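Some notes on the structure that comes next.
Small disclaimer: the values here were computed from a predicted structure and weren't measured. The chains referred to below are lettered A, B, ... by the order of the sequence lines, with proteins before strands, and numbering in each begins at 1.
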Amino acid sequence: DAGVIQSPRHEVTEMGQEVTLRCKPISGHNSLFWYRQTMMRGLELLIYFNNNVPIDDSGMPEDRFSAKMPNASFSTLKIQPSEPRDSAVYFCASRAGGTPNSPLHFGNGTRLTVT
Amino acid sequence: DAKTTQPTSMDCAEGRAANLPCNHSTISGNEYVYWYRQIHSQGPQYIIHGLKNNETNEMASLIITEDRKSSTLILPHATLRDTAVYYCIVRNDYKLSFGAGTTVTVRA
């Protein structure tokens with residue numbers, strides 16, 4: 001089991017540029033989550049997919065952020081245009097179906113720096 | 001969702017048991033207690049969860065009081081690699097909310 005795979009591990013970009021973060025969930029998991037972590041706000045849930053369908057995007061900060069899950073093995077989080085305040089570590093997590101209490105498995109994150 | 005209270009930090013000695021407390025006095029009957037940890041530069045890692053009964057796995061034990069208003073995570077033989085931030089979360093659905101957690105430092 002390779003775990004949740006995120007790419008890139010680090011991304012440095014200039015303000016105004018488009019940024020795309022990628023996530024491959026654990027095979028067989030049907031729920032996927034995007035979280036953001038900053039020193040000030042800690043870990044925040046951005047969006048939750050179940051069976052590739054966005055269920056809760058109430059944590060997406062603004063329209064500059066969008067997330068897609070075209071199939072069960074891939075998801076993207078896009079920021080367009082990026083701003084310095086978007087600098088954070090972005091985590092993807094997946095969970096097996098069955099019950100809502102199944103544990104989440106996190107990737108090692110993408111550290112985004114917007115200058 | 002029920003709020004949890006954890007100490008900000010704690011130290012423990014390598015090889016000794018580490019007992020991490022968590023208060024969740026407003027927990028409701030169908031809410032589970034989850035523990036995750038985050039080692040520096042890594043994603044959060046699931047440790048254990050429980051509803052009412054005590055639970056044990058290869059990583060840790062979870063002791064939940066009879067009234068469910070508090071719990072303790074026990075790392076039986078702490079190692080230097082257990083140095084991390086430990087999060088206690090109470091929830092009954094997908095929306096896990098991570099607080100500040102307890103920063104645990106294991107010292108040689």
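Within 6.0 Å of the CD atom in A/Glu14, the count of heavy atoms belonging to other residues, nucleotides or ligands does not exceed 12.
Just one residue in the list B/Tyr34, B/Tyr36, B/Tyr86, B/Trp35 forms a ring-ring contact (aromatic ring centres under 6.0 Å, His included) with B/Phe98, and that residue is B/Tyr36.
Neither the backbone nor the side chain of B/Ile48 comes within contact range of chain A, judged by heavy atoms closer than 4.5 Å. Looking at A/Thr110, neither its backbone nor its side chain comes within 4.5 Å of chain B, counting heavy atoms on both sides. With a 4.5 Å cut-off on non-hydrogen atoms, A/Leu45 touches chain B through its side chain but not through its backbone. Interface residue A/Arg9: only side-chain heavy atoms are found under 4.5 Å from chain B. Contacts of A/Gln37 with chain B are made by side-chain atoms alone, with heavy-atom separations under 4.5 Å and no backbone atom involved.
Side-chain atoms of B/Asp67 and B/Thr65 include a donor-acceptor pair closer than 3.5 Å.
Below 30°, between 30° and 60°, or above 60°: for A/His105 and B/Tyr46 the angle between ring planes is between 30° and 60°, a tilted geometry.
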Original post:
Given A/Asp56 and B/Tyr94, is the side-chain hydrogen bond (donor to acceptor under 3.5 Å, both in side chains) satisfied, shown in steps?
Top reply: CA-CA 10 Å; A/Asp56 182 355; B/Tyr94 64 87; 2.8 Å; yes
